[in-house]
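Structure record follows, encoded as structure tokens.
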Amino acid sequence: MNLQEIDIQNLIQISLPYIVNILSGLGVLVIGWIITDILTRKLKFYLVKSLDDTVAVIIANFSWVVLKVVLFVVSLNTLGVETTSLAALIGASGLSIGLALSGSLNNIASVVLILLFKPIEVDDYIDTPNGNGTVKEIGMFMTKLQKPDETFMFIPNSLITGNEITNYSRNKKRRMEFQVGVGYENDIEKVTNLIAKHLKKLDYVIDEDKATIGVVELADSSVTIQCFYYIKAKDYLHALAFI
């Protein structure tokens, strides 16, 4: 046996544990990658059945990232790399990124709450501290409102969940009211009958909820008649224009 054969044998003996570790690490990475993809797809499939699609996607994507990070650390550990410091580094990096993106993460958390508890939905007419309008889109970071003047307003989701919001579309009907002054010389009964007859001609007025019409004040020069009636919530802006 010559010196060259001894060197090759020593090299193989020295390299064999490293080769085994590398193959094991790659095997864990490949198999783990396939398994985590299957798990996240299954998770998304079951979440979609019970949650809003957007919430299901957010949770599934977050789970995918977490599983991939864990898989990466486990693969390095299989290779024989000390992962304690790496795990600490990942944790510190995650904290730094979280602090830097706290506003964005807050908006993402808010959209999950919005989609879970549904204080607002698309096509709802809402009033917020920043303005009012019809909800056209609930995005990952912002909610898109169409204002009555046809302009659009984008509100961060955190402001939706962090403030008092009035939702005018949650019920299918809305109560409307108006007052009219009538001279003392007029026949009050004829006026009230005329108002009731006019309301019946409006297609957005709900007939089964009878209008309430009556005198509420005897002023110095006129009698104040007040009318309460119900309309379909979706016709609110249209009805408001004719009061």
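Computed from heavy atoms alone, side chains included, the values below leave out hydrogens, waters and symmetry copies.
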Do F178 and V215 belong to the same hydrophobic cluster, where Ile, Leu, Val, Met, Phe, Trp and Tyr are linked whenever their side-chain heavy atoms lie under 4.5 Å apart, directly or via other members? yes
Within a radius of less than 6.0 Å around CZ of F45, do more than 12 heavy atoms belonging to other residues, nucleotides or ligands occur? no
Check side chain to side chain donor-acceptor pair (under 3.5 Å) between E217 and all other residues, then give those that pass, not counting sequence neighbours. none
Whether N186 side chain and V182 backbone form a donor-acceptor pair below 3.5 Å: no
Taking all atoms of both residues into account, what is the closest heavy-atom pair of L71 and W33, and its distance? CD2-N, 3.3 Å
Sidechain-backbone polar pair: N167 side chain, P119 backbone, donor-acceptor under 3.5 Å: yes
One thing to verify: whether D37 and K68 come together as a salt bridge, which I'm taking to mean a side-chain N less than 4.0 angstrom from a carboxylate O. yes
Heavy-atom nearest pair, M153 first then N130, reads SD-O, 3.3 Å
I225 with V216, same ILVMFWY side-chain cluster at under 4.5 Å: no
Do S222 side-chain atoms and G183 backbone N/O form a donor-acceptor pair below 3.5 Å? no
What's the separation between atom CD1 in I120 and atom CD1 in I165, rounded to the nearest 0.5 Å? 7.0 Å
Within this structure, what is the CE-CD1 distance for the pair M176 and I206, rounded to the nearest 0.5 Å? 11.5 Å
Which distance, rounded to the nearest 0.5 Å, do you find between the CD of E150 and the CD of Q146? 4.5 Å
Can you see which heavy atom on G139 is nearest to which on V111, and at what distance? O-CG2, 3.1 Å
Test of understanding: clusters of I, L, V, M, F, W, Y form through side-chain heavy atoms closer than 4.5 Å, transitively. Do I213 and V180 belong to the same one? yes
S110: what forms a side chain to side chain donor-acceptor pair (under 3.5 Å) with it, not counting sequence neighbours? T161
For N171, what residues pass the side chain to side chain donor-acceptor pair (under 3.5 Å) criterion, not counting sequence neighbours? none
Output, in order, the C-alpha distance, side-chain angles, deciding distance and verdict of side chain to side chain contact (heavy atoms under 4.5 Å, CB included) for I126 and Y168. CA-CA 6 Å; I126 65 172; Y168 293 105; 5.9 Å; no
Spatial distance of atom CG (N132) from atom CG (D127) [nearest 0.5 Å]: 5.0 Å
To the nearest 0.5 Å, tell me how far T151 OG1 sits from L145 CG. 10.0 Å
Report yes if the side chains of H198 and L194 come closer than 4.5 Å at any heavy-atom pair, otherwise no. no
Please find the pair of heavy atoms, one from E164 and one from P129, that lie closest to each other, and give the distance. O-CD, 3.7 Å
Would you sort out whether I38 and I35 count as a side chain to side chain contact (heavy atoms under 4.5 Å, CB included), showing the intermediate values? CA-CA 5 Å; I38 293 174; I35 292 174; 5.6 Å; no
Spell out, yes or no, whether F154 and F141 are grouped together once hydrophobic residues are joined by side-chain heavy atoms under 4.5 Å, including indirect joins. yes
May I ask you to check if K173 and Y230 form a cation-pi contact, with NZ or CZ under 6.0 angstrom from the six-membered ring centre and within 45° of the axis? yes
Closest contact, heavy atoms only, Y229 versus A211: CB-CB, 3.9 Å
Specify the closest pair of heavy atoms between D203 and K232, including all atoms of both residues, with the distance to one decimal. O-NZ, 3.8 Å
I want to check something: taking the side chain as every heavy atom from C-beta on, are C227 and T212 in contact at a cut-off of under 4.5 Å? no
Distance under 6.0 Å and angle within 45° of the ring axis: does K144 meet both against F152? yes
Using a 3.5 Å distance criterion without hydrogens, assess whether the side chain of T192 forms a donor-acceptor pair with backbone atoms of I188. yes
D220, CG atom: more than 12 neighbouring heavy atoms under 6.0 Å: no
Would you say the side chain of L67 lies within less than 4.5 Å of the side chain of T40, judging by non-hydrogen atoms? yes
Drop me the distance from L202's CG to I231's CD1, to the nearest 0.5 angstrom. 10.0 Å
All side chain to side chain donor-acceptor pair (under 3.5 Å) counterparts of S221, not counting sequence neighbours: none
D124: which residues meet the salt bridge (Lys or Arg N to Asp or Glu O under 4.0 Å) condition with it, sequence neighbours left out? R170
Do I195 and Y184 sit in the same hydrophobic cluster, where Ile, Leu, Val, Met, Phe, Trp and Tyr count as joined when their side-chain heavy atoms come under 4.5 Å apart? yes
Under the salt bridge (Lys or Arg N to Asp or Glu O under 4.0 Å) rule, collect the residues that match up with R175, sequence neighbours excluded. E177
